[in-house]
There are 2 protein chains.
Amino acid sequence: MKNNGPIETSCMHCNVRLNSVFNVLDEGQVKDLCIHKSCAVYKKGQYVFTENGLPAGLFCINSGKIKLTTTGYDGKEQILRLVKSGDIVGYRALLSNERYHCSAVTLEDASICIIDKKYFFDAIESSPKLMFEVVKKMSQDLKVAEDHIVSLSQKNVRERMAEALLFLKATYGFEEDNQTINVSLSREEIADYVGTSTESCIRLLSEFNNDKLISLKGKKISILNLQKLIQTANIED
Amino acid sequence: MKNNGPIETSCMHCNVRLNSVFNVLDEGQVKDLCIHKSCAVYKKGQYVFTENGLPAGLFCINSGKIKLTTTGYDGKEQILRLVKSGDIVGYRALLSNERYHCSAVTLEDASICIIDKKYFFDAIESSPKLMFEVVKKMSQDLKVAEDHIVSLSQKNVRERMAEALLFLKATYGFEEDNQTINVSLSREEIADYVGTSTESCIRLLSEFNNDKLISLKGKKISILNLQKLIQTANIED
DNA sequence: AATATTATATGATTTATATCATATAATGCC
DNA sequence: GGCATTATATGATATAAATCATATAATATT
């Protein structure tokens, strides 16, 4: 049932302005852009692009959540970035004219546009504003990556686990109850982000649960004591 | 004696083309650029810019080696990037209009140009080629950072140490003897890159030395058995 | 619905690596 | 040149976290 390719849909209903980097474009530019993009619907677990593939364009997430993963040593998966609606993905390889060094997989059903490569390059060349937006996006991703490096180098697993929960909350926000993190990841996926074993991940979540920092209901994690979670993460401020 | 500020020198003797991103400029553009940059000589250990500072321009390394470091938890230093002559530094914060999130410190005496901020922005706006060069640079740094994340998440200290030596070799190359890595870092600095304790770093270098993978002479490290070091690093290929 | 498969959970054990301790070598300083 | 400081080295110990093992719960599959 899975991985049978995305279902193409009309592009008329999706609003490209959703994607923050395009907010700098004016009405005419957006209209023009829409001609050169096509939308597709992806089922949960489908690949948007894969490691070592060649970029054909820029992907814009209209709805749904995406993980960017790379295959590490002994085939172990590493989650590099987590992406939400409004974000662009695949811009790095596209801009630097390289193959993808990671894969993009949907974490839930998603609607994603692809903007034609040639058109995108024309667009950023003619609109410095747009170019700066994309540059800012990459700059932000670089900062996040380097923060992750410091965390992995200097923090223990417990601290990183608490930090990861705060990161998930910051990225995807809460559900209507104002405490449940609005994303469903398996314990293994969380471990693949934190850089630990699945067992250690499960154990620590259990501990946090026992300590009433969080509560667990299946894959859904609720933050009960934000202050204590921040303390556990050992965040400086 | 240290940190008494860089000594300003004439800009006439330094060739901006050294800096790879500027290779795409033509003769006239280089000449123009030279008017808007100023060179400075730094002693070993001096700060080029510091964490939380505001960027005044783009730094180009004419000669010397630089480390980009950030202060982690409990004040522990993390080395994020290592830079050599021809490279640019401080571009991330400059482009995204943010404060520096890391400091740049010279590892040896260095000659560094600073290109005026306003002029640099004009230059990249008028020259898409230059813009793309800078974007490629950031893209490369992002890739390296994400590779580092995978390594920190999935490899043990021994593997990361071997990998770090290969990284130092790839970055700075060998001396004339074709085996001595052309950079002098303290054991603590290497540990701050690898993400381990100074003691573990010293111990592992000692081990590699005993196993004839490398040889040690003060801060100078020579690679004696590249093949075995690659194996130890557990590099896939 | 029944069975197979995968995900979550938790205990027991091992191991890598940090930490603490102390010694020696190298470097900076008056 | 001699003294202080810092860097390197190595041993002993503690401990965080991986690994191995097994059980149960939750999902898929037929």
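Side chains are part of it too, since the values below use all heavy atoms of this structure and drop only hydrogens, waters and symmetry mates. The chains referred to below are lettered A, B, ... by the order of the sequence lines, with proteins before strands, and numbering in each begins at 1.
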**Q** Can you measure A/N209 atom CG to C/dT8 atom P for me and round it to whole angstrom units?
**A**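 Rounding to the nearest Å, CG of A/N209 and P of C/dT8 are 14 Å apart.
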**Q** Judged by each residue's nearest nucleotide on DNA chain D, which is more toward the 5′ side, A/G195 or B/R187?
**A**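 Its nearest nucleotide being more 5', the pick is B/R187.
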**Q** Within the pair A/S197 and D/dA17, is there a side-chain N or O less than 4.0 Å away from OP1 or OP2?
**A**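 For D/dA17, OP1/OP2 do not have a side-chain N/O of A/S197 under 4.0 Å.
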**Q** Nearest 0.5 angstrom please: B/Q231 CD to B/L213 CG, how far?
**A**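 Rounded to the nearest 0.5 Å, the CD-CG separation comes out at 9.5 Å.
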**Q** Report the distance from atom CD1 of A/I190 to atom P of C/dT8, rounded to the nearest whole Å.
**A**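 After rounding, the gap between these two atoms is 8 Å.
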**Q** Rounded to the Å, how far apart are B/E188 CD and C/dA26 P?
**A**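 In whole Å, C/dA26 P lies 19 Å from B/E188 CD.
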**Q** Nearest whole angstrom, please: distance from the P of D/dA9 to the CG of B/L205.
**A**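 Roughly 8 Å, once rounded to whole Å.
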**Q** Quick one: is C/dA26 close enough that its OP1 or OP2 comes under 4.0 Å of any side-chain N or O from B/K219?
**A**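 No, because none of the side-chain N or O atoms of B/K219 sits under 4.0 Å from OP1 or OP2 of C/dA26.
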**Q** Does A/C201 or A/G218 map to a spot on DNA chain D nearer the 5' end, using the closest nucleotide for each?
**A**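 Counting from the 5' end, the first nearest nucleotide belongs to A/C201.
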**Q** A/S186 side chain: which of D/dT8, C/dT8, C/dT17 is closest?
**A**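 Looking only at heavy atoms from C-beta outward on A/S186, the closest nucleotide is C/dT8.
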**Q** Counting heavy atoms from C-beta on, name the nucleotide in C/dA9, D/dA17, C/dA18 closest to the side chain of A/V157.
**A**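 Nearest nucleotide to the side chain: D/dA17.
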**Q** Report yes if a side-chain nitrogen or oxygen of A/T196 is closer than 4.0 Å to either non-bridging phosphate oxygen (OP1 or OP2) of D/dA18; otherwise report no.
**A**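 Yes.
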**Q** To the nearest angstrom, how far is A/K220 atom NZ from C/dT8 atom P?
**A**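 To the nearest whole Å, that distance equals 14 Å.
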**Q** For residues A/K137 and A/V21, report the shortest heavy-atom separation together with the two atoms involved.
**A**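 Looks like CB-CG1, 4.5 Å.
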**Q** Let's test your reading of the model: under 3.5 Å, does the base of C/dT19 pair with the side chain of B/R203 as donor and acceptor?
**A**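 Side chain to base: pair present.
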**Q** Tell me whether the side-chain N/O atoms of B/S206 come closer than 4.0 Å to OP1 or OP2 in D/dT10.
**A**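 Checking D/dT10 against B/S206, a side-chain N or O does come within under 4.0 Å of OP1 or OP2.
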**Q** For residues B/Y73 and A/V150, report the shortest heavy-atom separation together with the two atoms involved.
**A**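 Closest pair (atom of B/Y73, atom of A/V150, distance): CE1-CG1, 3.8 Å.
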**Q** From C-beta outward on B/E199, which listed nucleotide comes closest to its side chain: C/dT10, C/dA18, C/dC20?
**A**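 Looking only at side-chain atoms, B/E199 lies closest to C/dC20.
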**Q** Taking the six-membered ring for Trp, is the centroid-to-centroid distance between A/H148 and A/F167 below 6.0 Å?
**A**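 Ring centres of A/F167 and A/H148 not closer than 6.0 Å.
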**Q** In whole angstrom, give the distance that lies between atom CG of A/D74 and atom C1' of D/dT19.
**A**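 After rounding, the reported distance stands at 14 Å.
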**Q** Separation of A/K155 atom NZ from C/dT17 atom C1', in whole Å?
**A**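 It works out to 20 Å between those atoms.
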**Q** How long is the line joining CE of B/M161 and P of C/dA16, in whole Å?
**A**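 Roughly 16 Å, once rounded to whole Å.
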**Q** Taking the minimum atom-to-atom distance to the side chain of A/I202, which one of C/dA9, C/dT17, D/dA9 wins?
**A**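 The closest nucleotide is C/dA9.
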**Q** What closest approach, in Å, do B/I214 and B/L205 show between heavy atoms, and which atom pair accounts for it?
**A**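 Smallest heavy-atom distance, with atoms named: CD1-O, 3.6 Å.
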